[in-house]
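Read through the structure below, which is laid out as structure tokens, and then see the notes.
Lettering of chains follows the sequences in order, A, B, ..., and the numbering in each one begins at 1.
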Amino acid sequence: MKTFVYIDHFKGDVQPASWEALGLAKSLGTASAVVFGSGVEAVAKAAFEYGADEVWAADDSALADYRAEAYASTLSALASSQGPDLILFPTTTRTRELAAMTAVDLTTGVLTDISGLEADGDQLVATRPIYEGKVLEKTICSGKPVMATIRGRAFPKPEPDPSKSGTATKVEVKADALTNVEGYSASESAVNLGDAGVIVSGGRGVSNNPSLQPPAGMDEKQAELWRAQQGFAFVTQLAQVLGGAVGASRAAVDAGYIPYSHQVGQTGKVVTPDLYIACGISGAIQHLVGMRNAKVIVAINKDSDAPIFKQARYGVVGDLFQIVPALTEAFRKKLGK
Amino acid sequence: MKIIACIKQVPDSEAKVKAEGGKVSWGDAPLVINPFDEYAVEGALQQKEANSGSTVTALCIGPESAKEALKHALAMGADDAILVSDSALNELDTAGAARVLAAAIQKIDGVDMVVFGRQTLDNGAGITPAQTARILGWPMLGLAGQIKAQDGSVTVERVIEEGRQSVSAKLPVVVSVVQSIGEPRYPSFMGIRKASKASIPVWSLGDLGMSAPESVVKRTELLNPPTRETAVEIITGDTPQAIAETLVDKILAEKVL
Ligand SMILES: Cc1cc2nc3c(=O)[nH]c(=O)nc-3n(C[C@H](O)[C@H](O)[C@H](O)COP(=O)(O)OP(=O)(O)OC[C@H]3O[C@@H](n4cnc5c(N)ncnc54)[C@H](O)[C@@H]3O)c2cc1C
Ligand SMILES: Nc1ncnc2c1ncn2[C@@H]1O[C@H](COP(=O)(O)O)[C@@H](O)[C@H]1O
């Protein structure tokens with residue numbers, strides 16, 4: 001099988017699931033990495049190290065910003081001329097669009113967010129979650145090439161081999177963008193929930209510590225936000241000791257404790273870390289659908305009846321303001337940090 | 001501006017959904033407007049308010065019963081609604097849905113902006129907006145947390161993994177929205193009355209001058225996810241430190257770190 005793997009990156013930072021896609025492609029046959037952007041030599045080099053048999057690079061100032069139309073036209077033209085059997089993408093905000101448009105150009109289909117892919121004779125059968133992961137479907141694409149975006153952390157990540165190298169082949173650029181990128185502001189904190197092995201999340205409970213006295217002169221809402229900041233500081237310290245990311249419930253996001261990019265759940269991100277620690281989160285179904293496939297779930301909640309305990313492997317019924325810092329300290333000791 | 005909001009009807013997010021006899025079942029859970037599409041309607045209504053003389057039309061492909069989802073959009077404040085319904089549309093894949101939506105948008109004529117939700121709860125592909133844009137040949141402004149239209153162009157704040165990007169394009173455009181666009185308004189009493197009386201036109205594929213798009217993506221099997229052992233072990237101890245020590249040992253023994 002001849003597979004193209006689109007390496008998704010933002011200003012040179014590669015979305016790690018791109019390498020997982022490359023690993024999957026290698027397990028199926030030959031794997032060609034596809035890299036678009038401006039000044040992407042380092043990404044192309046990394047693609048060789050992660051095992052690409054060849055690299056196709058469109059390195060052009062017209063592609064400096066990801067813009068769906070130009071990227072899709074460039075990819076469609078490349079795929080038409082090279083005829084891969086399969087194009088794989090990591091599932092990201094960009095690739096959903098890029099794959100969608102390219103599939104229209106090539107009159108084929110996209111299997112999104114797949115967590116499994118098997119070859120059944122010539123036929124590729126993908127497994128993907130539907131109804132928020134309450135059900136799984138097996139699905140096939142009769143068009144050519146088959147296109148699929150893979151869920152992060154669903155496939156093994158290959159080890160890079162620095163001794164591997166090669167020369168990228170130049171791809172002809174189709175610069176028919178219809179949009180302009182006017183500006184960019186980075187997230188307040190780097191959040192890559194999809195790739196995190198450990199996530200520590202805070203909910204509405206992070207503001208609930210009446211014994212914390214806010215500075216004088218704050219109104220009620222300000223005091224709540226101030227308490228939430230203290231709560232999230234504890235959550236963040238625990239995440240840091242574990243080398244993990246900080247997540248949140250929607251209630252915490254809506255109350256303004258933390259930006260939306262941290263939200264886990266139905267209208268936020270679906271995550272599958274090895275360890276998920278929920279602090280002061282009740283466990284509403286819309287939150288659970290976002291995290292219940294985590295390998296080990298730990299819940300810290302005051303209320304022993306909170307539904308989150310039904311999903312958890314371990315639970316502590318108690319005040320997060322006491323338990324979370326104690327946990328940080330205990331991990332720090334045991335992990336020797 | 002002439003604005004369209006694309007909405008789908010799906011089982012409520014609280015529903016217990018299962019694979020049963022080769023079909024998806026959600027028991028007696030109600031069918032509702034796709035939660036992400038409530039944000040689409042909200043985004044469309046915000047644009048109507050910000051640009052005088054605008055109208056919002058809710059557009060849905062679905063069975064006759066999907067009129068209920070369209071009525072929700074009307075009750076929120078949409079001016080009118082159109083249902084595309086045809087027995088030939090039962091097995092649509094996303095590209096097919098995009099073709100039908102694009103044809104309907106072209107038939108409506110003179111459209112300036114089409115607002116989509118981020119993704120459906122049932123299929124969850126999140127690709128229909130970009131496919132529709134590609135078929136129409138219009139720019140795609142995806143995952144907007146904020147929309148501003150001015151002098152024939154539109155700028156959105158796009159929410160991506162790495163932060164926010166400000167992206168602009170000339171009308172007509174396709175936009176998809178995320179939760180940051182703002183909480184969907186509740187239907188007003190007047191809105192509900194208007195919606196209950198509304199007669200919603202139903203377009204067939206014949207009305208759109210097309211035949212049923214062929215599906216390239218097909219489901220071959222449905223599975224229930226493996227049920228996991230969920231018995232929780234509650235960790236107790238005399239002090240937070242004692243609890244923490246025990247819990248850390250348990251977590252380390254899981255070998256997930
Ligand atoms: C269409 C739709 C989409 C949604 N999408 C999402 C989504 O993507 N993500 C999401 O999370 N939610 C989502 N929700 C909201 C969801 O229904 C819940 O409202 C939300 O998850 C609740 O957040 P929470 O658990 O932080 O707050 P609460 O339900 O208020 O729970 C707070 C918990 O903290 C505990 N607590 C309080 N103080 C302490 C303390 N000091 N120590 C320990 N525990 C404490 C309480 O016992 C309680 O269990 C959605 C809802 C709808 C309708
Ligand atoms: N049957 C449909 N009718 C109208 N709009 C739809 C339909 N299916 C999908 N959409 C729109 O496309 C978005 C993304 O859908 P999906 O690609 O299925 O996740 C939804 O949030 C809707 O705005």
Heavy atoms of other groups near Asp238(B) CG, more than 12 under 6.0 Å: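 Atom CG in Asp238(B) is not crowded, with 12 or fewer foreign heavy atoms closer than 6.0 Å.
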Over 12 foreign heavy atoms within 6.0 Å of CD, Gln123(A):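 Enclosed.
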Relative to chain B, which segment of [X] carries a heavy atom at a distance below 4.5 Å: side chain, backbone, both, or neither?
| X | value |
| --- | --- |
| Ala126(A) | neither |
| Thr108(A) | backbone |
| Val125(A) | side chain |
| Ser73(A) | both |
| Leu335(A) | side chain |
| Asp13(A) | neither |
| Gln286(A) | side chain |
| Lys333(A) | side chain |
| Lys334(A) | side chain |
| Leu193(A) | neither |
| Glu329(A) | neither |
| Arg250(A) | side chain |
| Thr112(A) | side chain |
| Tyr314(A) | both |

Side-chain heavy-atom pair [X], [Y] within 4.5 angstrom cut-off:
| X | Y | value |
| --- | --- | --- |
| Lys138(A) | Arg128(A) | no |
| Met76(B) | Pro184(B) | yes |
| Gln322(A) | Thr239(B) | no |
| Ile130(A) | Arg219(B) | yes |
| Tyr39(B) | Val115(B) | no |
| Gln9(B) | Ser65(B) | yes |

Heavy-atom pairs under 4.5 Å with chain A: which of [options] has the most?
| options | answer |
| --- | --- |
| Pro240(B), Ser153(B), Ala169(B), Ser13(B) | Ser13(B) |
| Pro225(B), Pro35(B), Ala242(B), Ser166(B) | Ser166(B) |
| Asn123(B), Thr236(B), Leu143(B) | Asn123(B) |
| Gln179(B), Gln165(B), Glu221(B) | Gln179(B) |
| Lys16(B), Glu162(B), Gln241(B), Lys218(B) | Glu162(B) |
| Lys170(B), Glu183(B), Lys250(B), Glu214(B) | Lys250(B) |

Proximity breakdown for [X] and chain A, heavy-atom pairs closer than 4.5 Å:
| X | answer |
| --- | --- |
| Ile235(B) | both |
| Thr132(B) | neither |
| Val24(B) | side chain |
| Glu254(B) | side chain |
| Leu222(B) | both |
| Trp26(B) | side chain |
| Arg118(B) | side chain |
| Pro11(B) | side chain |

Any chance you could lay out the salt bridge (Lys or Arg N to Asp or Glu O under 4.0 Å) test for Lys148(B) and Glu157(B), step after step, and finish with the verdict? CA-CA 9 Å; Lys148(B) 258 200 205 97; Glu157(B) 284 291 318; over 6 Å; no
Where do [X] and [Y] come nearest, in terms of heavy atoms and distance?
| X | Y | answer |
| --- | --- | --- |
| Gly109(A) | Val216(B) | N-CG2, 3.6 Å |
| Val175(B) | Ala144(B) | CG1-CB, 3.9 Å |
| Val110(A) | Gln131(B) | CG2-NE2, 4.4 Å |

Listed partners of Tyr71(A) passing ring-ring contact (aromatic ring centres under 6.0 Å, His included), at least two apart: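 Testing Tyr71(A) for ring-ring contact (aromatic ring centres under 6.0 Å, His included), a comparison that skips the adjacent residues, returns Phe36(A), Tyr66(A).
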Could you go through the side chain to side chain contact (heavy atoms under 4.5 Å, CB included) check for Ile234(B) and Val232(B) one step at a time? CA-CA 6 Å; Ile234(B) 298 288; Val232(B) 61; 4.2 Å; yes
If you count heavy-atom pairs within less than 4.5 Å of chain B, which of [options] leads?
| options | value |
| --- | --- |
| Asp105(A), Asp113(A), Ile323(A) | Asp105(A) |
| Val135(A), Thr127(A), Thr92(A) | Val135(A) |
| Arg94(A), Gln311(A), Lys269(A) | Arg94(A) |
| Val181(A), Ile140(A), Thr139(A) | Ile140(A) |
| Ile285(A), Val298(A), Thr179(A), Leu242(A) | Thr179(A) |
| Leu275(A), Thr328(A), Thr267(A) | Thr267(A) |

Show, in sequence, the C-alpha distance, side-chain angles and deciding distance for Leu101(B) and Phe116(B), and conclude whether the side chain to side chain contact (heavy atoms under 4.5 Å, CB included) test is met. CA-CA 11 Å; Leu101(B) 289 173; Phe116(B) 283 84; 3.8 Å; yes
Quick check on side chain to side chain donor-acceptor pair (under 3.5 Å): which of Asp274(A), Asn293(A), Asp195(A) does Arg153(A) satisfy it with?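 Output: one option passes, namely Asp274(A).
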Has Asn34(B) got a side-chain atom pairing as donor or acceptor with Leu121(B)'s backbone, closer than 3.5 angstrom?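 Yes, because the side chain of Asn34(B) sits within donor-acceptor range (under 3.5 Å) of the backbone of Leu121(B).
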Could you check Val271(A), Leu288(A), Val289(A) and say which one makes a side chain to side chain contact (heavy atoms under 4.5 Å, CB included) with Val264(A)?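 The residue from Val271(A), Leu288(A), Val289(A) that satisfies side chain to side chain contact (heavy atoms under 4.5 Å, CB included) with Val264(A) turns out to be Val271(A).
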Mutual orientation of the aromatic rings belonging to His287(A) and Tyr276(A) [parallel < 30°, tilted 30-60°, perpendicular > 60°]: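 Judged by the thresholds at 30° and 60°, the geometry between His287(A) and Tyr276(A) is tilted.
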